[in-house]
Amino acid sequence: MEKKKIDWENLGFSYIPTDKRYVANFKDGKWDDGALITDANIVMNECAGVLQYAQTIFEGLKAYTTEDGHIVAFRPDLNAERLVNSAKRLEMPPFPAERFVDAVVQVVKANAAYVPPYGSGATLYIRPYMFGINPVIGVKPADEYQFRIFTTPVGPYFKGGVKPLTICVSDFDRAAPHGTGHIKAGLNYAMSLHAIVTAHANGFDENMYLDSATRTKVEETGGANFIFITKDNKVVTPHSDTILPSITRRSLLYVAEHYLGLEVEERDVYLEEVKEFAECGLCGTAAVISPVGKVVDHGKEICFPSGMEKMGPTIQKLYDTLTGIQMGHIEAPEGWIKVI
Ligand code: PLP
Ligand code: COI
């Protein structure tokens, strides 16, 4: 199959429409069979639930070309499961997990010409999402929903690739206790937009959100979880009910323990102790692992010993092992790689 003529090496993280998208409709209490379609536009009523009350959830995963030329997706079953959890929290009908994985396979196959070649540094980003589509004016869940998946080829999420980032402790909160921080709902991202625009205007790459109850504990950023390395080489990551349970983070903790023989701790991480860590990174599907060089807390700088030039040594090992598994030159744990 001939690849599209795209400058793969210089892609950023932006939307490029591809040939096919998957769509399934929920109506009269059931999902239809679903199909691949070509139209990238959606027509809906002015009063659609998603437009009025933001009833929308999504996922993000990637397809890769492996060293030996296969197209694979990374742990799509976990995205399926997380979308089910998100749906339940927003009173939406879950899209069946096994159909989710099948739909991912269909849509990636149909857009195989857009899956970046091995070694290009780019990947095919897969965006499953679902939303309430029928008119809703009183505050209540919609009765009809659409589940869709589109794909788009992407490069690094942060400009500058793997250059260490500078992040600031945000004065805004991302998630409330007992709220929706643990699900992947559009509303969590809408309310982070002012915070990210403010952070960028002040010269920072991202925000560090704190727990909104006490504002003493590290939560996550707008689009990735934190991972820290202690001076004695332990991997530490915040435990919280109000952050998104990152699939990348879960995978990295496994890799740290089982591939690199490192001790891992998922626990409360206090802002006060951040200055003690040797390395810091942001992990997520889009971010992969992006190193953090500096955290700024209201003018007070916390500089990690790993510096502003390159990834710290342990984060680099985690990065190499995880991407090695995804690209097929390191053997993956059972069930992590879905061959398309
Ligand atoms: N946290 C937030 C708020 C995110 O949007 C994402 C991205 O999906 C993550 C963390 C990382 O999750 P994952 O590794 O499953 O992509
Ligand atoms: C992802 O990593 O898939 C996300 O959804 C994060 C988003 C901020 C692009």
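Read the numbers this way: they start at 1 and go in the same order the structure lists the ligands and their atoms.
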message = I'd like to know if the side chain of T314 pairs up with that of N233 as donor and acceptor (distance under 3.5 Å, no hydrogens or angles considered).
response = yes
inquiry  = A side-chain contact here means heavy atoms from C-beta on lying under 4.5 Å apart; do P333 and H258 qualify?
reply    = no
message = Quick check on D241: does its CG atom have over 12 non-hydrogen neighbours (other residues, nucleotides or ligands) under 6.0 Å away?
response = no
request  = Considering only non-hydrogen protein atoms, determine which one is nearest to atom 16 (O) of ligand 1 and report residue, atom name and distance to 0.1 Å.
outcome  = T285 OG1, 2.5 Å
ask   = What atoms of ligand 1 come within less than 4.0 Å of a heavy atom belonging to N225?
value = 1 (N), 10 (C)
ask   = Looking at ligand 1, does A287 have a heavy atom less than 4.0 Å from it?
value = no
request  = May I ask you to identify, for S246, whether its side chain, its backbone, both or neither come under 4.0 Å of ligand 1 on a heavy-atom basis?
outcome  = both
message = Counting C-beta onward and ignoring hydrogens, is there a side-chain heavy-atom pair between Y209 and V218 closer than 4.5 Å?
response = no
query = Going by the salt bridge (Lys or Arg N to Asp or Glu O under 4.0 Å) test, which pairs reach into residues 79-92, not counting sequence neighbours?
reply = E59-R82
inquiry  = Could you identify the single nearest non-hydrogen protein atom to atom 1 (N) of ligand 1 and state the distance to 0.1 Å?
reply    = E220 OE1, 2.6 Å
Within the protein, residues bringing a heavy atom under 4.0 Å of ligand 2, chain by chain = F13, F58, G60, Y125, R127, Y157, K184, G223, T285, A286
task = For K3, enumerate each residue passing the salt bridge (Lys or Arg N to Asp or Glu O under 4.0 Å) test, keeping only those at least two apart in sequence or located in another chain.
result = none
task = Count the heavy atoms of every other residue, nucleotide or ligand shown that sit under 6.0 Å from CD of E263, and state whether that count exceeds 12.
result = no
ask   = Do Y189 and K184 have side-chain N/O donor and acceptor atoms under 3.5 Å apart?
value = yes
key: E272 CD: over 12 foreign heavy atoms closer than 6.0 Å   = no
request  = Please could you name the atoms of ligand 1 that G284 approaches to less than 4.0 Å, counting only its heavy atoms?
outcome  = 11 (C), 14 (O), 16 (O)
task = Tell me which protein heavy atom sits closest to atom 8 (O) of ligand 1, plus the residue, atom name and distance to 0.1 Å.
result = K184 NZ, 2.8 Å
remark   = Among non-hydrogen protein atoms, atom 6 (C) of ligand 1 lies closest to G223 O, 3.2 Å
Side chain, backbone, both or neither: R174 near ligand 1, heavy atoms under 4.0 Å = side chain
ask   = N/O of I247 under 3.5 Å from N/O of ligand 1, yes or no?
value = yes
query = When the ring planes of Y22 and F147 are compared, do they come out parallel, tilted or perpendicular, using 30° and 60° as the limits?
reply = perpendicular
request  = May I ask whether R82 has any heavy atom positioned less than 4.0 angstrom from an atom of ligand 1?
outcome  = yes
inquiry  = What protein heavy atom lies closest to atom 5 (O) of ligand 1? Include the residue and the distance to one decimal.
reply    = Y189 OH, 2.5 Å
ask   = Do T151 and R127 have a side chain donor and acceptor closer than 3.5 Å?
value = no
message = Can you list everything that forms a ring pair (Phe, Tyr, Trp, His ring centres under 6.0 Å) with F150? Sequence neighbours excluded, please.
response = Y15, Y129
